[in-house]
*Asks:* 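I have a structure here, written as structure tokens, and I will follow up with some questions on it.
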Amino acid sequence: MIAALLEAIPLPAIFISQNARVRGANTRAVSLQPNAAEDRALVLVFRQPGLISAIENCLRTSDPQKAIYLHNKDGQETRYEVTCSFVTMGEERGALACFQDITHVEQAGEIRREFVANVSHELKTPLTALLGFIETLRGPAKDDAKARERFLGIMANEASRMNRLVGDLLSLSRVEEDARMRPRDPQDIGDILGTVVQNLEEVAQMRGHRIQFEKPALPLTVPSDRDQLIQVFTNLIENGIKYGDENGQVEIRIENVERDVKLRKPAVSISVIDNGPGIDPVHLPRLTERFYRIDSHRSREMGGTGLGLAIVKHIVARHRGRMKVDSTLGEGSTFTVVLPKN
Ligand code: ADP
């Protein structure tokens with residue numbers, strides 16, 4: 001009866017009798033800890049004092065107890081929260097220990113802490129500069145009209161950097177909020193890219209860049225959120241301009257895909273191809289992480305927030321599409337977004 005009950009618990013579970021020996025363990029518990037054989041002494045099964053004393057306390061006082069159990073397998077650590085409850089089943093009395101994997105909760109906490117630290121750091125730098133210039137304008141440069149003009153220019157730059165960062169953070173949180181709601185509105189991809197190219201023409205010209213784009217003859221429609229796709233292609237084309245050499249070129253290619261092998265659906269593929277410096281393959285897996293930059297100095301100098309590709313990744317995921325990056329150092333990069341047609 002104990003064995004059947006233990007087996008029904010959807011977590012690793014062990015029943016320890018009052019003489020501190022294993023009375024039963026379900027299959028999940030045995031695969032977690034093969035030592036958990038019937039009649040084996042508790043201290044020989046687990047060698048972690050925190051967990052042993054929680055079970056012993058539970059047996060002694062009949063009160064529920066909690067402990068953390070760290071499991072290490074092939075160098076990978078899993079963290080369990082163990083709940084010990086005193087149980088009486090007919091003649092049997094003992095402690096029931098259930099192991100709940102809380103590794104992902106811990107990891108989520110860590111990611112959140114790291115994110116907050118990054119945001120604070122990114123905001124602190126321009127803020128410190130602003131405060132410094134305000135101080136100077138109130139004091140030493142009070143009556144210096146020329147210095148005032150120059151400092152106000154720098155302050156405006158720093159303030160717009162903060163503005164861009166806050167804008168990108170808001171976009172990111174909005175996309176994350178409706179990640180599960182796939183957009184349904186049919187939109188012509190050629191039309192969306194036409195708008196983006198038009199918007200960026202001036203920026204490109206200022207850096208001596210050429211954007212090469214030919215709108216497909218026939219409409220290629222995908223269910224989408226127009227504003228979000230505008231953001232995706234703006235970020236990708238802007239990166240091509242920002243990181244490309246002066247007088248570089250960004251080419252946009254749109255293709256109809258009968259059946260995308262990975263999405264297993266008909267799709268539209270959009271590639272943004274630049275002839276810039278390219279990206280070392282070691283960076284590719286981390287490129288879409290928030291605040292990941294290959295060259296922080298260059299990114300900041302070009303007004304980057306380090307969030308552009310993270311936003312792209314989330315929007316593409318919301319559209320149930322996929323993104324890939326191909327790049328050869330010294331030759332350029334190709335960012336391809338594939339969006340399903342249905
Ligand atoms: P940022 O705001 O810094 O541009 P992104 O998330 O858009 O942030 O990009 C992350 C990093 O990836 C950039 O800092 C840059 O180092 C690199 N990167 C992005 N696009 C390109 C590109 N087309 N060519 C070379 N490097 C790129």
Side-chain angles (χ1 to χ4, degrees), residues 111 114-115 118-126 157-176 193 196-197 199-200 203-204 206-213 228-253 269-318 321-337:
I111 291 171
E114 199 180 310
F115 181 65
N118 274 326
V119 172
S120 317
H121 174 76
E122 295 288 336
L123 282 172
K124 197 166 166 38
T125 317
N157 269 343
E158 296 297 331
S160 1
R161 179 211 290 264
M162 285 167 62
N163 200 23
R164 270 196 307 276
L165 180 64
V166 173
D168 277 359
L169 285 169
L170 284 175
S171 301
L172 202 54
S173 81
R174 262 197 300 267
V175 187
E176 278 182 330
L193 274 143
V196 176
V197 170
N199 291 346
L200 290 177
V203 187
M206 263 168 21
R207 282 193 40 86
H209 256 72
R210 214 161 66 86
I211 305 180
Q212 210 177 309
F213 166 65
Q228 286 191 343
L229 287 191
I230 286 184
Q231 190 163 18
V232 163
F233 298 114
T234 303
N235 289 1
L236 292 180
I237 299 171
E238 246 180 9
N239 277 354
I241 299 171
K242 274 192 318 204
Y243 300 108
D245 303 320
E246 292 247 351
N247 305 318
Q249 168 179 303
V250 178
E251 184 193 339
I252 295 143
R253 250 183 239 163
S269 150
I270 308 100
S271 298
V272 178
I273 309 158
D274 67 57
N275 60 351
I279 299 164
D280 191 320
V282 297
H283 296 294
L284 292 181
R286 300 196 56 193
L287 215 56
T288 55
E289 278 176 29
R290 293 157 191 203
F291 299 115
Y292 188 83
R293 295 160 162 130
I294 298 167
D295 178 347
S296 313
H297 180 71
R298 170 109 175 142
S299 158
R300 291 208 175 87
E301 193 182 61
M302 303 308 297
T305 59
L307 293 174
L309 292 179
I311 295 175
V312 168
K313 180 178 85 174
H314 277 87
I315 296 180
V316 171
R318 186 182 167 216
R322 66 187 182 93
M323 177 173 101
K324 67 179 173 130
V325 189
D326 295 300
S327 188
T328 311
L329 266 182
E331 286 181 22
S333 314
T334 301
F335 286 77
T336 305
V337 170

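Just follow the structure's listing: the first ligand is 1, and inside any ligand the first atom is 1. Atom set for the values below is all heavy atoms of this structure, side chains included, hydrogens, waters and symmetry mates excluded.
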*Asks:* How far is atom 8 (O) of ligand 1 from its nearest protein heavy atom, and which residue and atom is that?
*Replies:*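 Going atom by atom, the protein heavy atom closest to atom 8 (O) of ligand 1 ends up being Gly306 CA, 3.2 Å.
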
*Asks:* Tell me: protein heavy atom nearest atom 7 (O) of ligand 1, and distance?
*Replies:*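 Going by distance alone, atom 7 (O) of ligand 1 is nearest to Asn239 ND2, 2.9 Å.
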
*Asks:* Short list, please: which atoms of ligand 1 are under 4.0 Å from a heavy atom of Ile279?
*Replies:* 25 (C), 26 (N), 27 (C)

*Asks:* So, Asp280 side chain and His283 main chain: donor-acceptor pair closer than 3.5 Å or not?
*Replies:* no

*Asks:* Is the backbone N or O of Gly332 less than 3.5 Å from a side-chain atom of Ser327, with the two atoms forming a donor-acceptor pair by type?
*Replies:*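 Yes; at least one donor-acceptor contact below 3.5 Å.
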
*Asks:* Which of the atoms in ligand 1, numbered in the order shown and given with their element, are less than 4.0 Å from a heavy-atom of Arg293?
*Replies:* 3 (O), 14 (O)

*Asks:* Which residue and non-hydrogen atom of the protein lie closest to atom 13 (C) of ligand 1, and at what distance in Å?
*Replies:* Tyr243 OH, 3.4 Å

*Asks:* Any donor-acceptor pair under 3.5 Å linking the side-chain atoms of Arg293 with those of Ser299?
*Replies:* yes

*Asks:* Report yes if the side chains of Phe335 and Leu287 come closer than 4.5 Å at any heavy-atom pair, otherwise no.
*Replies:*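 Heavy-atom side-chain distance check passes, below 4.5 Å.
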
*Asks:* Does even one non-hydrogen atom of Lys242 get within less than 4.0 Å of ligand 1?
*Replies:* yes

*Asks:* Between the side chains of Glu176 and Arg290, is the shortest nitrogen-to-carboxylate-oxygen separation below 4.0 Å, so that they form an ion pair?
*Replies:* yes

*Asks:* Nearest to atom 12 (O) of ligand 1, what protein heavy atom do you find, and at what distance?
*Replies:* Leu287 CD1, 3.5 Å

*Asks:* Counting only heavy atoms not in Gln212 (residues, nucleotides, ligands), do more than 12 fall under 6.0 Å from its CD?
*Replies:* yes

*Asks:* Let me confirm one number: the NZ-CG distance from Lys313 to Asn235, rounded to the nearest 0.5 Å.
*Replies:* 14.0 Å

*Asks:* Quick one: look up the protein heavy atom nearest atom 17 (C) of ligand 1 and list residue, atom name and how far away it is.
*Replies:* Ile294 CD1, 3.8 Å

*Asks:* At under 4.0 Å between heavy atoms, which part of Leu309 makes contact with ligand 1: side chain, backbone, both or neither?
*Replies:*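 Both backbone and side chain.
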
*Asks:* Provide, to 0.1 Å, the distance between atom 3 (O) of ligand 1 and the closest protein heavy atom, together with that atom's residue and name.
*Replies:*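 Going atom by atom, the protein heavy atom closest to atom 3 (O) of ligand 1 ends up being Ser299 OG, 2.6 Å.
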
*Asks:* Find out whether Val250 and His209 are in side-chain contact, i.e. whether some heavy atom of one side chain is under 4.5 Å from a heavy atom of the other.
*Replies:* yes

*Asks:* Using a strict 4.0 Å cut-off to heavy atoms of Ser333, name the atoms of ligand 1 that fall inside it.
*Replies:*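 Per the distance check, 24 (N).
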
*Asks:* Hey, does Thr288 have a side-chain heavy atom less than 4.5 Å from the side chain of Val312?
*Replies:* no

*Asks:* Looking at side-chain heavy atoms only, is the closest gap between Asp274 and Tyr243 below 4.5 Å?
*Replies:* no

*Asks:* Closest non-hydrogen protein atom to atom 23 (N) of ligand 1, residue and atom name please, with distance?
*Replies:*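 The closest one turns out to be Asp274 OD2, 2.8 Å.
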
*Asks:* Under 4.0 Å from a heavy atom of Gly304: which atoms of ligand 1 are those, numbered in the order shown and with their elements?
*Replies:*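 Selected atoms, number and element: 1 (P), 2 (O).
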
*Asks:* Tell me the protein heavy atom at minimum distance from atom 11 (C) of ligand 1, and give that distance in Å.
*Replies:* Tyr292 O, 3.7 Å

*Asks:* Using a plain distance cutoff, I'd like to know if Gly278 has any nitrogen or oxygen under 3.5 Å from a nitrogen or oxygen of ligand 1.
*Replies:* no

*Asks:* Between Glu122 and Thr305, do the side chains contain a donor N or O and an acceptor N or O under 3.5 Å apart?
*Replies:* no

*Asks:* Closer than 4.0 angstrom: is that true for some heavy atom of Thr305 and an atom of ligand 1?
*Replies:* yes

*Asks:* Would you please determine whether Gly276 falls within less than 4.0 Å of ligand 1 on a heavy-atom basis?
*Replies:*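 No, Gly276 has no heavy atoms under 4.0 Å from ligand 1.
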
